[in-house]
Chemist: 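Sharing a structure, written as structure tokens. Questions coming.
Since we're looking at a predicted model, the values are computed, not measured. Per chain, numbering begins at 1; letters A, B, ... match sequence-line order.
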There are 2 protein chains.
Amino acid sequence: METVAENQNVRNAKKLEKMFGHIDFKHPPELCPVRDVMSVASDQWSILIILWLGYFPVLRFNKLKKYVYGISNKVLSQRLKVLEADGYISRKAYPEVPIRVEYRLTDFGQTYVEKLLELTEWMQTNSPKVLANREKYGLI
Amino acid sequence: METVAENQNVRNAKKLEKMFGHIDFKHPPELCPVRDVMSVASDQWSILIILWLGYFPVLRFNKLKKYVYGISNKVLSQRLKVLEADGYISRKAYPEVPIRVEYRLTDFGQTYVEKLLELTEWMQTNSPKVLANREKYGLI
DNA sequence: TTCATTTGGTTACTTTTTGTAACTTACTCT
DNA sequence: AGAGTAAGTTACAAAAAGTAACCAAATGAA
């Protein structure tokens, strides 16, 4: 791959290499764990599920469905499975009738929700700019 | 909506309210700018496009396509449009033949790429854990 | 002159992913 | 006997994404 130094001035290139050089989003997905892992963790439904489980330490399926407004049973169930497989959340089923299932963040999930919260705060702060821009763009 | 204090012990609830209370991911999408804006900005292709434009300050369509490995013309073109509409990137076309088009981050996009870089570093650090977990889960 | 090449897309068509809504299981309560 | 309940699953429809061919308009080569 061509380096940034070939396209930009050298001073800037050094800074960019320091910021980006060690991060591995630069490979095809099958060779790139970052892309692979991120595509699950930054999915829009995954984000909401994890945020809600950060807010309410324990949630059952139907509560999650209520809070993650708009999600379908099917997708919620799918996402919960992959989030569990990836280690963000845990699932505990109690063999009562009707069955009771509790979802919560793992310790690992807790570290992720902190990152997500930062991202979400950024979105909260900046969404007015984005909406204003979108509006303006629509008129052009 | 029910508050966290009704479900959890009060000490923890205060902390959670402080962290989450002011953030607005709790509404249906049509009422929730955060969900709306985030669904564009945290899309897997959007993330890669923005990261690459953080790394190479100027990129043309076909370079982007090469670097954002696996993206199709169609989706690249769509994403560039919405990212431009939302104010993250700018598009400048030079009426040469064949046409030359330059994409770069806006100042606003620059502030976002910094957030994304943090997220990406987290993914880089933690992807081994996720992959290991996934492996283990597969056996169960 | 005719033909291939170039960039930044678009278009038509196929495949995959999502959304919708009805259904299931197994036990309890009326 | 029939209704209700929690946590899903299933079949079918709709939307999104992937694929690959195509386009314009000029340049350079044959």
Side-chain angles (χ1 to χ4, degrees), chain A residues 2 7 28-30 32 35-36 38-49 52-53 56 58-86 89-104 137 140, chain B residues 2 7 28-30 32 35-36 38-49 52-53 56 58-86 89-104 137 140:
Chain A
E2 162 181 9
N7 284 17
E30 63 278 16
C32 184
R35 280 184 62 170
D36 180 359
M38 190 148 61
S39 74
V40 171
S42 79
D43 166 80
Q44 59 162 331
W45 295 122
S46 299
I47 290 175
L48 291 172
I49 291 167
W52 276 111
L53 286 173
F56 288 122
V58 183
L59 283 171
R60 295 168 64 180
F61 190 89
N62 282 318
K63 284 272 171 160
L64 264 169
K65 196 189 161 190
K66 187 175 118 196
Y67 292 141
V68 180
Y69 194 92
I71 201 169
S72 64
N73 283 22
K74 190 176 112 181
V75 170
L76 177 54
S77 153
Q78 285 172 352
R79 287 297 178 286
L80 289 171
K81 272 177 200 157
V82 309
L83 291 175
E84 191 193 359
D86 281 9
I89 68 176
S90 68
R91 176 185 188 279
K92 184 161 191 189
Y94 297 86
E96 306 169 357
V97 172
I99 193 174
R100 177 163 61 97
V101 180
E102 292 182 348
Y103 291 96
R104 61 193 83 204
Y137 188 86
I140 301 168
Chain B
E2 163 180 11
N7 285 17
E30 64 279 15
C32 183
R35 281 183 62 170
D36 180 0
M38 190 148 62
S39 76
V40 171
S42 77
D43 166 81
Q44 59 162 329
W45 294 122
S46 300
I47 290 175
L48 291 172
I49 291 167
W52 277 110
L53 285 173
F56 288 122
V58 183
L59 283 172
R60 295 167 64 181
F61 189 88
N62 282 318
K63 284 271 170 157
L64 263 169
K65 196 189 161 189
K66 189 175 118 196
Y67 292 140
V68 180
Y69 194 93
I71 200 169
S72 65
N73 283 23
K74 190 176 112 181
V75 170
L76 178 53
S77 153
Q78 285 173 351
R79 286 297 178 285
L80 289 171
K81 272 178 200 157
V82 307
L83 291 175
E84 192 194 356
D86 280 10
I89 68 177
S90 67
R91 176 187 189 278
K92 184 159 191 190
Y94 297 86
E96 305 169 357
V97 172
I99 193 174
R100 179 163 60 97
V101 179
E102 292 182 347
Y103 291 95
R104 62 193 82 205
Y137 188 86
I140 302 166

Chemist: Calculate the interatomic distance between A:L59 atom CG and D:dA6 atom C1'; express it in whole Å.
Modeler: 15 Å

Chemist: Please report the distance, rounded to the nearest Å, between CG in A:D43 and C1' in D:dA16.
Modeler: 14 Å

Chemist: Does D:dA16 have its OP1 or OP2 closer than 4.0 Å to a side-chain nitrogen or oxygen of B:W45?
Modeler: no

Chemist: Measure from CG on B:L76 to P on D:dA16 and round the result to the nearest Å.
Modeler: 19 Å

Chemist: Got a second to check how far A:K65's NZ is from A:N73's CG, nearest 0.5 Å?
Modeler: 4.0 Å

Chemist: If we count only N and O atoms by modelled type, under 3.5 Å, do the side chains of A:E84 and A:Y103 hold a donor and an acceptor together?
Modeler: no

Chemist: So B:F56 and B:Y67, would you call those rings parallel, tilted or perpendicular, with 30° and 60° as cut-offs?
Modeler: parallel

Chemist: Please confirm whether the backbone N or O of A:S42 pairs with a side-chain atom of A:S46, one donor and one acceptor, at under 3.5 Å?
Modeler: no

Chemist: Out of the candidates B:L64, B:I49, B:I89, only one should pair with B:R79 under the side chain to side chain contact (heavy atoms under 4.5 Å, CB included) rule; please name it.
Modeler: B:I49

Chemist: Got a donor-acceptor contact below 3.5 angstrom from the B:S39 side chain to the B:D36 backbone?
Modeler: yes

Chemist: For a quick check, with a 4.0 angstrom heavy-atom cut-off, what is the B/S/- contact string for nucleotides 3-17 of chain C, read 5' to 3'?
Modeler: ---BBSBB-B-----

